[in-house]
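Both counts, for ligands and for their atoms, begin at 1 and track the order of listing.
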Amino acid sequence: MESSFGLLLVLLTLTIIHIVQAQDQQGFISLDCGLPPNETSPYKENRTGLLFSSDATFIQSGKTGRVQANQERKFLKPYRTLRYFPEGIRNCYNLSVFKERKYLIRAYFLYGNYDGQNTAPVFDLYLGPNLWAKIDLQDENGTWEEILHIPTSNSLQICLVKTGMATPLISSLVIRPMRTGRYTTESGSLKTYKRFYFNKSGSGLLYSKDVYDRIWMPRFEDEWTQISTALRVYNKNGYDPPDDALKNAATPTNASAPLTIEWVSENLDDQYYFYAHYAEIQDLQANDTREFNFLLNGQKLYMPSPEVPKKLRLTTFEGMSPITCNGWECNLQLIRTKRSTLPPLLNALEVYTVIQFPQLETDESDVVAMKNISASYGLSRINWQGDPCFPEQLRWDALDCSNTNISTPPRITSLNLSSSRLNGTIATAIQSLTQLETLDLSNNNLTGGVPEFLGKMKSLSVINLSGNNLNGSIPQALRKKRLKLYLEGNPRLIKRPKEKIPVAIVASVPVAIVASVVIVVIFLVLRKRKSTIVQGIPLPPRTSTENDSSFANKKSKRFTYSEVVQMTNDFQRVLGKGGFGMVYHGTVKGSEQVAVKVSQLSTQGYKQFKAEVDLLLRVHHTNLVSLVGYCHEGNHLALIYEFLPNGDLKQHLSGKGGKSIINWSTRLRIALEAALGLEYLHIGCTPPMVHRDVKTANILLDENFKAKLADFGLSRSFQVKGEPYDSTLVAGTPGYLDPEYYRTGRLAEKSDVYSFGIVLLEMITNQPVINQTSENAHITQRVGVEINGANNILEIMDPKLCKDYDIKSASRALDLAMSCADSSSSKRPSISEVIQVLKECILCENSRIRNNRGLESEDMNVDLDSSETLMAR
Ligand SMILES: *[C@@H]1O[C@H](CO)[C@@H](O)[C@H](O)[C@H]1NC(C)=O
Ligand SMILES: *[C@@H]1O[C@H](CO)[C@@H](O)[C@H](O)[C@H]1NC(C)=O
Ligand SMILES: *[C@@H]1O[C@H](CO)[C@@H](O)[C@H](O)[C@H]1NC(C)=O
Ligand SMILES: *[C@@H]1O[C@H](CO)[C@@H](O)[C@H](O)[C@H]1NC(C)=O
Ligand SMILES: *[C@@H]1O[C@H](CO)[C@@H](O)[C@H](O)[C@H]1NC(C)=O
Ligand SMILES: *[C@@H]1O[C@H](CO)[C@@H](O)[C@H](O)[C@H]1NC(C)=O
Ligand SMILES: *[C@@H]1O[C@H](CO)[C@@H](O)[C@H](O)[C@H]1NC(C)=O
Ligand SMILES: *[C@@H]1O[C@H](CO)[C@@H](O)[C@H](O)[C@H]1NC(C)=O
Ligand SMILES: *[C@@H]1O[C@H](CO)[C@@H](O)[C@H](O)[C@H]1NC(C)=O
Ligand SMILES: *[C@@H]1O[C@H](CO)[C@@H](O)[C@H](O)[C@H]1NC(C)=O
């Protein structure tokens, strides 16, 4: 990493000193690891004004050290001391954070020959159960690691793990809360690779110049020219790079050449995200334009329109999906468009690599229970740090964990604390280990009774309490269960009279897990056939660990997985691929046709599934696809919809799959019906919703070609007016995605109007939304050029319509489509206004049909009064 050396010097050494006024450091955690107890904590670091504290309360193990005296002056105070870990394989910091919030996490490591051995250590750094980085301290100036990460629980475990003989160490650890909805990834977290601002001279920009404590290094190339401004560039777009980073920019000296930034990939399959920050900082003449596109390894990156820097206002280009390089070579270029009179410009650039943390942390309630058990018995085992279950080679001794599915949190299934000198009573926290199958507390000095809760733990099948000092009697709940219970060697335990307790009690009645439904079933079966062997009744489906309550009122429409298999005839006929999984044809109640969308449980899939079920429970409209039922059983998720035999609008427009090319009057009616569905979402339901994925493939057609909107997996409520940003991930389909929403992340109903405009353009022109081979890749650009080129409407319209339409209605619809697809949301009509115009188009077209064919041919005519509309006019 070529930038790391320079960056490190800035971090560690006292290059500039300036007094910093007090700044909000809310949520910041700044640890000076190994700060001795006789030194003031917290203290203010002179260069940045950051308040550093001792790490002593965040970790229970390790010893404190200090870099060799002759090196001390080379480094800033937080890096002079360190904590090292001679004992244990894994030693962890436990930091309190907010789940689902984004953080910048940075760790520094500086050996400084603290131990006089002159041997720099090598070890691993873990984030919870996942490897974060391999640390090699050969460099005399140390090293650092930085990521942008969203914790999956409210505590963050940062662990140093021995890989050989060397003793791990750490010098400083900092955590900064970031704004959510920025630096979003499709999956994984981001590892900082480069962060530059473009200036010929200058030094690292740090906190408090950077509000998030990111570090920006200057960079400049010979073939560039620097432009500067003394004015402040408005930088509040959520990325908020420092003011000083935006006062200067690089442009290529040869104005027609691209601005090129190159780097070499460390690994061939590394994936990158980059964030390019730019603002117009020159005074432009009236006849000047500056527009450019981004190219990666010579390929144009798709954007709805070329980039146009705004005057003294920051724009950030952010990739929606990760990019990979061409072998080892990565080449990012900004290239001006033909009509641009000025070269491209860039003020600052950030490049990150994607880092995956695939292993989920152990279920949080299991971890809390283990902490409580450990504290209750005063157990202090050096290896009981970090995640209890993973990585597997560092699993806490005494435990076994379920290891079935990487996308569900591991659960503790076995606890073996035999011969551990436990005294006192059996800890009640054990009952929180709800997936526990085996419990061994044998050969301790436990006293008190055998607790009743052991009998209520659904999964528990082996309990060994032998060799203790327990008293009292055995609770009824334990006698009933089908479990192995070992109790010998507890002289004070009262055995029930007449009933001789065997070494193992093995009861044959099924477990109490059974949900009420199944209890009823058992009850009915028992009543009907008294002698039935109850063990043959299958257990109810295992429910997911996710909170199921939101589905509770949906019970009547819930299907089991085997019913889903049956209704789809073992997933025989594929209908297509939806937002979160495959869609199959199915039949319920013998005849009713359904479409079954199936997904495996993954975090993303589950979220979309839940969003869709929640939405469909609330909304009912004739132009929205309705839900017949759903299935949520273990990892199986399925949504069962009404089946629409005529497929989707996209197929009909393309004529693919044997679908017809539909005529103009039908197209207008379909557009109107889709708009009515959207209007219902926008103003008819509470809270209002945005669909977020309006496209021709999501407009389905029933047997009468009535249109219904589908795929609500991305839908959500939009925020109240006045709130600056929506913090959710920008999502949608390229080409249909509102460029304003894409840039600002601000979610509003006008984003659906934009997508609807694209749908209309497709229906009018039958051109592809994105055509990479055309200079004007996006449909709005192509149609815009045709309109400005004063092309006849007949040349713009889909030739497959064979000029069989009313010209007035066609041009009215085209104007409507273009205003819907305006890049500025304020210029777009509301969906209700769209509906009004579409109705007028339909009236024109209807009167033409009447004139042409006489009043009989009403079949394809639209009866406006029968279309439900929400607006009273
Ligand atoms: C802290 O104690 C160490 C010795 O234990 C001593 O060398 C050091 O000077 C002390 N620091 C302060 C600030 O008193
Ligand atoms: C910070 O500056 C003050 C005076 O400016 C000085 O006394 C103090 O030693 C400095 N602290 C560090 C950690 O350099
Ligand atoms: C980490 O700290 C939080 C509170 O700061 C605590 O609730 C949690 O139990 C701790 N976790 C571990 C594994 O020590
Ligand atoms: C470490 O930093 C010093 C400046 O503080 C520099 O002179 C030296 O070359 C650096 N060493 C390495 C190995 O980069
Ligand atoms: C950028 O460079 C100019 C001179 O080229 C210099 O005056 C300015 O201080 C630099 N900016 C920063 C933030 O270092
Ligand atoms: C400027 O760049 C263009 C395009 O890359 C190139 O064709 C031209 O030769 C360059 N001119 C000079 C003087 O380098
Ligand atoms: C723009 O106008 C200025 C005079 O106002 C002129 O000097 C310049 O050459 C023009 N530039 C272009 C690209 O036409
Ligand atoms: C364990 O949890 C129980 C409640 O479940 C609580 O009363 C007890 O104080 C906890 N013990 C420890 C050591 O945290
Ligand atoms: C139980 O406690 C007694 C003394 O109270 C001790 O002698 C014995 O070793 C203990 N047993 C175990 C298994 O720790
Ligand atoms: C358990 O034993 C320790 C000493 O071995 C003693 O301090 C503690 O009080 C005992 N706890 C109980 C609940 O008896």
Side-chain angles (χ1 to χ4, degrees), residues 1-17 47 67-80 108-114 118-122 135-144 171 203-204 215 217 221-225 250-262 290-295 297-298 300 331-345 372-381 417 419-430 441 443-449 451 468-472 490 492:
M1 209 189 292
E2 54 158 302
S3 68
S4 64
F5 168 63
L7 173 53
L8 202 70
L9 289 189
V10 169
L11 291 175
L12 300 174
T13 58
L14 214 62
T15 49
I16 26 161
I17 302 179
R47 196 182 38 160
V67 299
Q68 218 167 40
N70 62 1
Q71 297 206 23
E72 272 205 29
R73 263 179 301 117
K74 271 171 63 185
F75 304 108
L76 284 175
K77 186 167 165 58
Y79 317 111
R80 291 179 191 159
Y108 306 88
F109 309 89
L110 175 65
Y111 171 57
N113 197 20
Y114 76 94
N118 252 320
T119 314
V122 178
I135 306 295
D136 182 345
L137 294 182
Q138 290 306 326
D139 190 322
E140 62 172 288
N141 291 322
T143 184
W144 59 280
S171 307
S203 48
I215 293 153
M217 298 304 295
E221 305 282 338
D222 291 343
E223 61 271 23
W224 297 347
T225 298
T251 61
T253 306
N254 173 353
S256 51
L259 184 73
T260 305
I261 296 134
E262 289 174 306
R290 191 193 306 277
E291 291 193 334
F292 52 86
N293 285 303
F294 281 92
L295 272 74
N297 300 314
K300 190 166 140 191
N331 172 305
L332 178 68
Q333 289 183 312
L334 282 67
I335 190 161
R336 73 178 195 183
T337 63
K338 280 188 189 140
R339 59 184 227 102
S340 179
T341 60
L342 294 172
L345 119 180
N372 185 304
I373 293 164
S374 161
S376 305
Y377 292 127
L379 294 167
S380 58
R381 299 197 176 180
L417 289 175
S419 309
S420 300
R421 297 166 197 262
L422 311 183
N423 61 359
T425 57
I426 293 177
T428 50
I430 289 173
L441 299 175
N443 301 320
N444 287 298
N445 268 354
L446 293 170
T447 53
N468 278 292
N469 209 354
L470 299 167
N471 58 24
N490 283 284
R492 292 159 65 206

Those residues that, when tested against Ser380, pass side chain to side chain contact (heavy atoms under 4.5 Å, CB included) (two or more places apart): none
Numbered atoms of ligand 10 (with element) below 4.0 Å of Gly424, judged on heavy atoms: 13 (C)
Ligand 4 N/O within reach of Lys74 N/O, cut-off under 3.5 Å: no
Passing option when Thr225 is tested against Thr251, Thr253, Asn254 for side-chain hydrogen bond (donor to acceptor under 3.5 Å, both in side chains): Thr253
Leu422 versus Leu379, closest heavy-atom pair with distance: CD2-CD2, 4.0 Å
Donor-acceptor contact present, side-chain Asn468 to main-chain Asn444, <3.5 Å: yes
Atom-level proximity to ligand 6, residues with heavy atom under 4.0 Å: Asn254, Ser256, Ala257
Distance in Å, Leu345 CG paired with Leu259 CG, rounded so as to fall on 0.5 Å steps: 8.5 Å
Arg290 side-chain N/O to Thr341 backbone N/O, donor-acceptor pair under 3.5 Å: no
Distance, nearest 0.5 Å, that separates OG of Ser171 from CG of Leu76: 12.0 Å
